[in-house]
Amino acid sequence: MDMAAGFQEQFVFHATGKRSERDLAPLDGAGLRPALLAAYRELARLRYDYPLVLVRDAAPGEAVRSLSSLVNEALQVLAPRGVDGARLRRHTLRLEREIRALVAGGSSGDLTQLWIEAAGRVGDSDDDPARQVLTRIAEGLHLDGPLLDCDAAMPARMLEHLWRAAQEDKARAFRRLVDTLIVRLSDILRAAHINSPAGRTPEALRASLGGPHSADFDFAAMSRLLGGAALDPLPAGRRARIESALATLRAQRFFADPKAGRPADDAYAFRFDDCASAASAYRERLPALVGVVKALAVAELEAEGRYDEIEHDPYFDRYDEYALTADDLALFPDYLVCVPPGRNDAPENAGLLDLLSSGLPVKVLVQTDDLLEEASIGTGHFAFGVRSTRLATTAMGLGGMFVLQSPSSNLYALRARVAAGMRARSPSLFCVYSGSTATKSLPPYLAGAAALESRAFPAFTYDAAAGENWANRFSLENNPSPETDWSATPLQYADESLQRVSESTHFTYADFVLCDRRYAAHFAIVPRNRWSPKMIPVADWLALDARSAAERVPYLWAADEQDRLHRVLVDARLMQATRRCLLLWHRLQEHAGINDSHAQRLLARERAAWEVQMKLDAEAGAPEAAPAPAASPPAAAAPSPAAADAAAQDKPPSDDPWIETARCPSCGECRNINDRMFAYNENNQAYIKDVKSGTYRQLVEAAEACQVAIIHPGKPRDPKEPGLDELLERAKPFL
């Protein structure tokens, strides 16, 4: 079969999904995975964020820790530098691998328990010094808690742990407030009792004195003497209000009261498995909550002596749930709903968006184990988990809440964001992909990481309380290369001549689908002797126009179990889903100010107006006009080379750093200093790519190293950077 016939077979598969048995091999049974994941077959031997430790009685910000971070801290304290500490470091890192293997194998327990068990596997005998030292380290750990692997149960346990930490803070604040008010109201009643006739009886006087000297006094005579005093007892109305407030505060069930003598389980439960149960519990408890808030308000007024019956009685007579404020609700526990995987569409969770939009103090975890699904009604197109991936973006449109979306593999990196969502006054929604589908050829951690890398399940947070605009509210924090379509990673392999080859490879949505055995029919393996120039990587194929794309077929790099590379064709249906995934990613980028279409349209309009003015001035023989307005894309996006060239013709009207790009001799000195801050355009000339990626010192050093003095450092962005006085003096010749 000639090359043209081979491409024809490849194109037919791409267009129809029908594979030629003699020219293309099936994916089933080949054991392939994306080539970029070939190095991650044994997770237990790698150091990464999991397992996690849910720290008990943790300090703020320390409620969740990774095993690796704790091992690092222990080594910094206990292992001396150099050769003396090398053996201990080696054994400790081996112990960390043992713990990770135990947890991955299904073992459960606290950190100290598994640490000691793993220490028993390190060393040659019970007398081995390394084993003894590792055991002593475990005994000296200042924190403890259960260890969690990145599995289907982890998201709910981690979020519940952070939720309980937030509720414990609320409980302490509530108890301080209530206990103070109870003491003050009790003092008022006690003082009134002492000054009342009932408090002047012999029995009351004897009880108030108590002690071994009570026999030395004649309490009957004392009662006769005191009884004649003109005393005003506590007014009946005020006494009733105080006693009612005290009874309500002591009987409240929203927080456990260790002083009340009631069992701890008498308090309300606030953790639920479905939205309907949480909403029902809130409605049932609302009258009791109103009563406690009312009692708090009355108690504060009475304790300060400011209660006015004429003013306050009518108000409290009509006090109901409509009088509650956000400050009132913030005093009480939030309701946590952890929807079990597979129950997202159950009838009891149908009111999720209504629950969130109603403003109830609720925190909801919606977890999905599967992002891939075929569309319904026989359309033959991928829906790729629309209900799962679009829920978070839909919730953002409701406004007034906290929303976080992330794969479970990324939850530890976003733990501060999760904790902030648990402490937010607003309703909070956490959408998590666990990666625990049985049809995946990857462990859950890698499946989650692949979903993040491929844009199938991007991570983002939306916090309505963070500011008045999207720049403050929305964040794509911790996504790989958030400013680009796909993340690029070098792929290194040996060619037929056993020579090392390195090429930049993109991890796309199609790579993510390749990890799921259910969708093997959308791929076909091309034998090496049928590779042709008309086969191009998926990311490059997506960038083609329609005519050019019709003359090419897209492929992925995949590796088998022996780490041999293969090219795998992708059919049109999956490419359509990949393109749609990219479209949804572009929308998230715009929320984050990356490639903002409004900013680009404004930039194009201003440039067009400037070019028209330049032409009119030239025709009129006017002096040369000023350069084009230095409008630029949003800060989150790197300026295009063309924009960098245009803006580099004159100094910007600010103290920002700038480069005379047109004069750049391409010496490379600035990129040697910081290749993230400085980059080259298509003409191989330097421009400032991201000033936030470096320091003012690096700007000054680049200006000094530049052969033609075209780098202008501007003014420092960080006023606290060390050595600024010296740096400003060195920068003067280049300003």
Judged by modelled atom types alone, do [X] and [Y] share a side-chain donor-acceptor pair under 3.5 Å?
X: Ser69; Y: Asn72; value: no
X: Asn410; Y: Asn478; value: yes
X: Ser434; Y: Asp369; value: yes
X: Asp49; Y: Ser66; value: no

Would you call [X]-[Y] a salt bridge at under 4.0 Å N-O?
X: Asp511; Y: Arg33; result: no
X: Glu721; Y: Arg697; result: no
X: Arg343; Y: Asp274; result: no
X: Lys363; Y: Glu160; result: no
X: Lys692; Y: Asp690; result: no

Smallest separation among heavy atoms of [X] and [Y], with atom names:
X: Pro51; Y: Val103; result: CB-CG1, 4.1 Å
X: Ser426; Y: Gly400; result: CB-O, 3.3 Å
X: Trp486; Y: Ser454; result: CZ3-O, 3.2 Å
X: Leu249; Y: Ala299; result: CD1-CB, 4.3 Å
X: Ala392; Y: Gln405; result: CB-OE1, 3.4 Å
X: Met401; Y: Pro427; result: CB-O, 3.2 Å

Measure the [atom1]-[atom2] distance between [X] and [Y] for me, rounded to the nearest 0.5 Å.
X: Leu491; Y: Phe507; atom1: CG; atom2: CZ; result: 12.0 Å
X: Cys431; Y: Leu429; atom1: SG; atom2: CG; result: 4.0 Å
X: Leu371; Y: Asp516; atom1: CG; atom2: CG; result: 9.5 Å
X: Tyr519; Y: Leu514; atom1: OH; atom2: CG; result: 13.5 Å
X: Asn674; Y: Arg676; atom1: CG; atom2: CZ; result: 5.5 Å
X: Gln252; Y: Leu289; atom1: CD; atom2: CG; result: 10.0 Å

Sidechain-backbone polar pair: [X] side chain, [Y] backbone, donor-acceptor under 3.5 Å:
X: His161; Y: Ala63; answer: yes
X: Arg253; Y: Tyr268; answer: no
X: Thr368; Y: Asp370; answer: yes
X: Asp110; Y: Gln113; answer: no
X: Ser107; Y: Leu102; answer: yes
X: Thr695; Y: Gln698; answer: yes
X: Ser280; Y: Ala276; answer: no

Student check: side-chain heavy atoms of [X] and [Y] closer than 4.5 Å:
X: Arg415; Y: Met158; value: yes
X: Asn344; Y: Asn349; value: no
X: Trp163; Y: Leu159; value: no
X: Leu588; Y: Thr393; value: yes
X: Leu336; Y: Leu365; value: no
X: Arg455; Y: Pro480; value: yes
X: Val432; Y: Phe457; value: no
X: Leu296; Y: Val178; value: yes

Between [X] and [Y], what is the ring plane arrangement, given parallel below 30°, perpendicular above 60°, and tilted in between?
X: Phe270; Y: Tyr335; result: perpendicular
X: Trp557; Y: Tyr493; result: tilted
X: Phe174; Y: Phe332; result: tilted

Intermediate values then yes/no, side-chain contact (heavy atoms from CB on, under 4.5 Å), Leu148 and Val53: CA-CA 6 Å; Leu148 299 184; Val53 181; over 6 Å; no
Residues, nucleotides or ligands: over 12 heavy atoms within 6.0 Å of [X] [atom1]:
X: Arg157; atom1: CZ; answer: no
X: Arg56; atom1: CZ; answer: yes
X: Phe254; atom1: CZ; answer: yes
X: Asp57; atom1: CG; answer: no

Audit row: Tyr412, Tyr50, ring pair (Phe, Tyr, Trp, His ring centres under 6.0 Å) steps and yes/no: CA-CA 8 Å; Tyr412 178 72; Tyr50 292 83; 7.0 Å; no
Intermediate values then yes/no, ring pair (Phe, Tyr, Trp, His ring centres under 6.0 Å), Phe474 and Phe460: CA-CA 7 Å; Phe474 188 83; Phe460 65 83; 5.5 Å; yes
Worked check of side-chain contact (heavy atoms from CB on, under 4.5 Å) between Leu52 and Leu67: CA-CA 6 Å; Leu52 303 180; Leu67 174 64; over 6 Å; no
Aromatic ring proximity Tyr48/Tyr445, centre distance under 6.0 Å: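 Yes, the ring centres sit under 6.0 Å apart.
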Asp334 and its salt bridge (Lys or Arg N to Asp or Glu O under 4.0 Å) partner, picked from Arg271, Lys170, Arg425: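 Single pass found, and it is Lys170.
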Check against side-chain contact (heavy atoms from CB on, under 4.5 Å), Leu111 and Leu70: CA-CA 10 Å; Leu111 169 63; Leu70 295 175; 3.7 Å; yes
Listed partners of Glu96 passing side-chain hydrogen bond (donor to acceptor under 3.5 Å, both in side chains), at least two apart: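 Applying side-chain hydrogen bond (donor to acceptor under 3.5 Å, both in side chains) to Glu96 gives Arg47, Ser68, Arg100.
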Salt bridge (Lys or Arg N to Asp or Glu O under 4.0 Å) assessment of Arg423 paired with Asp169: CA-CA 9 Å; Arg423 297 177 187 278; Asp169 288 346; 2.6 Å; yes
Stepwise side-chain contact (heavy atoms from CB on, under 4.5 Å) test for Phe430 and Met422: CA-CA 10 Å; Phe430 302 89; Met422 289 300 178; 3.7 Å; yes
